[in-house]
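Report on one structure; see the data block that follows.
Nothing here was measured: the structure is a model prediction, and the numbers come from that model. Chain identifiers are assigned alphabetically (A, B, ...) following the order of the sequence lines, protein sequences preceding nucleic acid strands; residue numbering begins at 1 within each chain.
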Amino acid sequence: KAGVTQTPRYLIKTRGQQVTLSCSPISGHRSVSWYQQTPGQGLQFLFEYFSETQRNKGNFPGRFSGRQFSNSRSEMNVSTLELGDSALYLCASRLAATLVDTQYFGPGTRLTVL
Amino acid sequence: AQSVTQPDIHITVSEGASLELRCNYSYGATPYLFWYVQSPGQGLQLLLKYFSGDTLVQGIKGVEAEFQRSQSSFNLRKPSVHWSDAAEYFCAVGAEYGNKLVFGAGTILRVKS
């Protein structure tokens, strides 16, 4: 079974631009979560989607948004990019939005904001 | 709020030596606990998890972890380290509200030959 895939793997943007990252979960998984990983703040939860509905949101500004499609694929969007948004963005999928279900992580998208 | 502390930012171990990575958590109820490993350029891979029951949990890659409620700890151990174990290790606690994971800062493991 294919793992979680994220596209693109690397991205370079300039301040003020917006960016969209994509995540395809493992087949059959209906929950997709997004995390931001930076050297200073570590791994921080952004949001989780389950059956096209946002179930929970982390403590990030409204510039960070996401959505999930009927096939469970998810996208996250960051508008008006800032230098501090440079990070590795990780997507994780699981069967349902419960802690007993193992989260499987993708390789991440490395975003660099210049 | 839940929190996880990994006191050691870096650990260096000789190949063949034993390993223990420390993790302390803060959580009011019985926690859901996890250990993940991240190799350079890779995503996170689950090593093991604890929800309830036997406090000694076996995982993949020859690791185990022991849940000690009295010490609020969930330390990861491996009897003999291989050079391929060099990576960053993350301990996480599951937050029941929102079902999200709260991660520690991570411990970078270096293996010297």
Next on the checklist: Regarding B/Glu20 and B/Arg22, does a basic nitrogen lie under 4.0 Å from an acidic carboxylate oxygen?
Outcome noted: no
Next on the checklist: If only side-chain N and O atoms count, and only distance matters, is there a donor-acceptor pair under 3.5 Å linking B/Gln38 with A/Gln37?
Outcome noted: yes
Checklist entry - Quick one: what part of A/Tyr35 sits under 4.5 Å from any heavy atom of chain B, side chain, backbone, both or neither? => result side chain
Next on the checklist: Nearest 0.5 angstrom please: A/Gln18 CD to A/Asp85 CG, how far?
Outcome noted: 12.5 Å
Next on the checklist: Looking at chain B, which one of A/Gln41, A/Lys57, A/Gln6, A/Gln103 has the largest number of heavy-atom pairs inside 4.5 Å, strictly under?
Outcome noted: A/Gln103
Item to check | Any donor-acceptor N or O pair under 3.5 Å, side chains A/Glu48, A/Ser31 | outcome: yes
Checklist entry - With respect to chain B, which residue among A/Gly108, A/Gly106, A/Gly58 yields the maximal number of heavy-atom pairs within a distance under 4.5 Å? => result A/Gly106
Item to check | Contacts with chain A made by residues 59-92 of chain B (heavy-atom distance under 4.5 Å), listed by residue number | outcome: B/Phe90
Next on the checklist: Less than 3.5 Å apart, any donor N or O on the side chain of A/Thr20 or A/Asn77 sitting next to an acceptor on the other?
Outcome noted: yes
Next on the checklist: Please check: side-chain N/O of A/Gln68 versus main-chain N/O of A/Arg30, any donor-acceptor pairing under 3.5 Å?
Outcome noted: yes
Item to check | Atom group of A/Leu43 that falls short of 4.5 Å from chain B, counting heavy atoms | outcome: both
Checklist entry - If you look only at pairs with a residue in residues 104-114 of chain A, which of them pass as a side chain to side chain donor-acceptor pair (under 3.5 Å), with sequence neighbours excluded? => result none
Item to check | A/Thr102, part contacting chain B, at a heavy-atom distance under 4.5 Å | outcome: both
Checklist outcome for this item: Residues A/Val32 and A/Ser74: closest non-hydrogen pair is CG1-CB, 3.6 Å
Checklist outcome for this item: Closest non-hydrogen atoms of B/Thr107 and B/Asp8, given as atom of the first, atom of the second and distance, are OG1-O, 2.6 Å
Checklist entry - Which bit of A/Val4 is near chain B, if near means a heavy-atom gap under 4.5 Å: side chain, backbone, both or neither? => result neither
Item to check | Set of residues satisfying side chain to side chain donor-acceptor pair (under 3.5 Å) with respect to A/Gln44, sequence neighbours excluded | outcome: none
Checklist entry - Going by residue number, which parts of residues 40-53 of chain B are within reach of chain A, meaning a heavy-atom gap below 4.5 Å? => result B/Gly41, B/Gln42, B/Gly43, B/Leu44, B/Leu46, B/Lys49, B/Phe51
Next on the checklist: Looking only at side-chain N and O atoms, does A/Arg63 offer a donor or acceptor that is under 3.5 Å from a partner on A/Thr80?
Outcome noted: no
Item to check | Shortest non-hydrogen separation from A/Leu21 to A/Tyr89 and the atoms involved | outcome: CD1-CB, 3.6 Å
